[in-house]
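One structure is given below, encoded as structure tokens.
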There are 4 protein chains.
Amino acid sequence: MTEARPLRADAARNRELLLTAASQEFAERGFDVSIADIARRAGIGKGTVFRHFPTKDHLISAIVIDRVVTLTEAGEHLLDAPDAGAALLRFLTTAARELRRLDPSFLTSAEDPTAEVVQTQQRLYATVHALVDRARGQGDLRPDVTGTDVVALMCTPNHVAGCLPNASPDLWQRYLGIIFDGLRPQGAHPLPHPPPLPL
Amino acid sequence: MTEARPLRADAARNRELLLTAASQEFAERGFDVSIADIARRAGIGKGTVFRHFPTKDHLISAIVIDRVVTLTEAGEHLLDAPDAGAALLRFLTTAARELRRLDPSFLTSAEDPTAEVVQTQQRLYATVHALVDRARGQGDLRPDVTGTDVVALMCTPNHVAGCLPNASPDLWQRYLGIIFDGLRPQGAHPLPHPPPLPL
Amino acid sequence: MTEARPLRADAARNRELLLTAASQEFAERGFDVSIADIARRAGIGKGTVFRHFPTKDHLISAIVIDRVVTLTEAGEHLLDAPDAGAALLRFLTTAARELRRLDPSFLTSAEDPTAEVVQTQQRLYATVHALVDRARGQGDLRPDVTGTDVVALMCTPNHVAGCLPNASPDLWQRYLGIIFDGLRPQGAHPLPHPPPLPL
Amino acid sequence: MTEARPLRADAARNRELLLTAASQEFAERGFDVSIADIARRAGIGKGTVFRHFPTKDHLISAIVIDRVVTLTEAGEHLLDAPDAGAALLRFLTTAARELRRLDPSFLTSAEDPTAEVVQTQQRLYATVHALVDRARGQGDLRPDVTGTDVVALMCTPNHVAGCLPNASPDLWQRYLGIIFDGLRPQGAHPLPHPPPLPL
DNA sequence: GATGAATGAGAATTCATTCAT
DNA sequence: CATGAATGAATTCTCATTCAT
């Protein structure tokens with residue numbers, strides 16, 4: 001689903017180094033880091049980056065897609081869990097861990113999204129919607145919250161933690177706790193704005 | 001401690017035009033907009049921007065400081081309000097409206113913060129802490145949430161709304177509602193991570 | 001027809017330096033010279049080139065257009081000359097002098113030609129066709145040669161001379177003489193291939 | 001003086017594939033095509049290209065030399081033809097067909113020409129001079145034209161045709177016809193510039 | 001020998017910043 | 001003071017060439 005021809009051993013290793021370095025740089029410093037910095041961190045040449053990904057955007061896409069697919073698969077497994085509320089919370093925990101600062105806006109706002117991007121997106125959305133519907137159905141989620149809301153909220157815990165310097169690396173868990181409490185039906189106040197259009 | 005020399009009338013007017021234009025550009029397109037675009041929008045020359053602010057970062061600082069001061073003053077006024085919970089909510093509403101995409105991380109993460117930056121920051125933090133303490137004291141806020149948490153959460157509603165393409169300009173209100181519900185004491189679940197160090 | 005707002009004195013001077021340097025570099029080394037080389041030769045910064053012309057192609061266009069317009073105007077004046085054959089020869093002499101190695105293929109093969117490019121082209125073609133028709137009408141040109149042929153032949157003398165190392169700078173005149181003799185009706189042999197499509 | 005060691009069968013085959021592909025690419029798209037494109041067209045690896053030719057320039061040289069040798073041999077055969085004028089025309093026809101866009105300027109303008117290059121060049125020049133002398137001697141060529149002139153004119157027909165977009169692949173024949181008429185003694189006008197130095 | 005992955009010099013282009021007008 | 005022209009560092013991307021497999 002991702003690879004076609006088997007990569008040579010060294011190329012595969014470099015690809016991993018590259019993806020790791022890029023992931024970290026993107027997570028730490030956002031998508032504006034230069035390819036040169038990524039290459040340096042990966043310990044490979046600048047040109048090698050472009051051999052693996054024809055464009056910086058392709059690299060970003062690949063990383064985001066990889067994370068999103070992992071996340072989506074985790075979500076799909078959670079659809080079987082008996083406790084739908086706990087499943088949603090676990091999903092959001094995984095989301096925060098996987099996505100870090102790679103907010104899905106990159107997926108949604110790509111200029112001319114690849115078929116792969118579109119499909120990845122939709123699979124994610126469908127999964128989130130299903131998780132949300134189940135949780136709502138079991139009374140574990142406030143009724144006025146939609147799947148699209150939850151998609152938008154996925155990266156929030158990291159973003160909040162990122163606002164604080166010297167934050168502990170797990171601080172996001174705290175904010176996920178707060179936000180998830182805001183999503184529970186108990187003590188929910190009516191929301192002042194209608195839900196966003198579905199993606 | 002702050003600059004005091006009176007500006008010539010036209011210079012003062014240009015400064016206003018510039019600040020307005022920069023505010024809007026930053027809010028709409030982030031800090032990556034070019035100085036040229038800002039100058040064009042302000043209807044002034046690029047060089048004039050640098051006469052008023054020696055550096056793009058200084059301009060950003062000035063804008064952020066301006067917003068933060070406005071916000072802080074609003075917060076200070078709200079310290080008198082009888083209903084501390086409502087006051088905090090009103091404060092966060094103002095914060096979302098004022099700050100848009102200018103998250104305070106710019107303040108907290110500046111390389112070598114000016115005295116002015118530091119002071120602005122601290123006045124804001126003090127105010128938020130006071131608002132938070134009052135709300136907590138009145139039982140309107142869950143007891144395990146700190147002022148620092150609320151500082152970090154200030155920009156969240158905008159950030160969430162920004163994850164959705166074609167979002168209504170007021171969509172942040174919806175997410176503020178959710179988050180604020182998460183901050184209420186009713187139905188709060190214990191948080192899995194201790195609070196961050198105070199700023 | 002070329003400029004709109006009057007340029008500042010120094011900018012105008014730099015523009016001239018730039019156009020001159022670019023002309024020479026293009027003429028001597030073809031369109032592949034780097035912008036850096038052109039800037040160096042002009043004694044200006046690389047960035048300045050892009051202030052004057054948003055793109056390398058725009059610079060090339062500007063130069064070619066300038067030359068072609070000059071040439072076209074010369075051609076238009078020659079339409080009044082009594083001796084149409086001599087007029088055509090004089091036109092081709094001017095063409096060789098003006099165009100050097102900037103063959104019109106740049107005009108004809110631009111990706112998405114500007115309105116200005118298209119218009120410049122067409123004015124040139126119309127002029128050449130008129131000159132050719134007049135010369136043919138007066139019996140100074142072999143009847144099987146078209147205006148399009150002459151357009152294509154315009155840069156030939158320079159190209160031939162360019163094949164020889166250490167050629168005298170006026171050597172092209174020799175090859176224009178030979179080619180022009182080939183265009184005369186006297187002793188013309190039937191051509192083995194039909195004329196090209198009109199441009 | 002030329003390499004003699006026998007190539008392994010497959011290596012010899014690859015060399016042929018490479019030369020063919022490179023010839024075609026150079027002829028169709030000029031010397032700027034990338035080695036990668038040539039290798040792809042030849043169906044061999046990029047590295048193989050460099051095993052056969054240490055440098056892109058060496059490859060170009062080899063191609064040009066190959067063509068020029070072929071052409072020279074054709075010319076040498078034509079020295080026996082009874083009609084020297086027709087022989088020269090046939091030679092120029094072959095030249096246009098063989099050289100396409102590979103103008104001899106590559107030979108003459110190489111940085112530090114190989115012994116092989118020099119020798120190839122000189123054998124060509126000698127042949128052209130001989131053909132020209134014979135033709136002139138038989139009264140089939142204007143007396144003021146030299147062998148060097150003809151060398152320089154060899155690629156002209158292709159160059160002219162190349163100035164027109166969508167030209168028929170044989171359009172060069174038309175321009176060879178015109179140029180050859182310009183080389184005939186009938187109706188020749190005195191040339192305005194002395195002949196170039198012999199090569 | 002053949003292959004294609006890796007490399008880094010160089011190209012076009014952008015943009016914060018400086019400085020002549 | 002205001003302006004916008006000039007500058008060069010930094011960025012993305014290409015491609016000849018080298019080298020591990």
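Below, chain A is the first sequence line, B the second, and so on; all start at residue 1.
Look at D/H52 and you won't find any side-chain N or O under 4.0 angstrom from OP1 or OP2 of E/dG1. For E/dG1, neither phosphate oxygen OP1 nor OP2 lies less than 4.0 angstrom from any side-chain nitrogen or oxygen of D/N14.
Closest to the A/T48 side chain, of the nucleotides E/dT7, E/dT17, F/dC13, is E/dT7. Comparing E/dA16, F/dT11, F/dC13 by their nearest atom to the side chain of A/S34 picks out F/dT11. Comparing F/dT7, F/dT17, E/dT21 against the side chain of C/D10 picks out E/dT21 as the nearest. Out of F/dC13, F/dA16, E/dA2, the shortest distance to the side chain of D/I35 is found at F/dA16.
Counted by atom type alone, C/R67 and C/S23 present one or more donor-acceptor pairs between their side chains at under 3.5 Å.
Contacts of A/V33 with the nucleic acid, taken as non-hydrogen atoms under 4.0 Å apart, involve only primed sugar atoms and P, OP1 or OP2.
In this structure, D/L17 atom CG and E/dT3 atom P are separated by 10 Å, rounded to whole Å. One atom, CZ of C/F50, and another, P of F/dA10, lie 18 Å apart when rounded to the nearest Å. A/F31 has its CZ atom 17 Å from the C1' atom of F/dT12, to the nearest Å. Between the CG atom of D/L59 and the P atom of F/dT17 there is a distance of 10 Å, rounded to whole Å. Rounded to a whole Å, the CG atom of D/D37 is 15 Å from the P atom of E/dG4.
The pair D/D10-D/R13 does not meet the salt-bridge criterion, since no charged nitrogen lies less than 4.0 angstrom from a carboxylate oxygen. For C/E28 and C/R41, the salt-bridge test passes: some basic side-chain N is under 4.0 Å from an acidic carboxylate O.
The one candidate from D/L59, D/I63, D/I60 that meets the side-chain contact (heavy atoms from CB on, under 4.5 Å) condition with D/F31 is D/I60.
For E/dG10, its base never sits under 3.5 Å from the side chain of C/K46 at any donor and acceptor pair.
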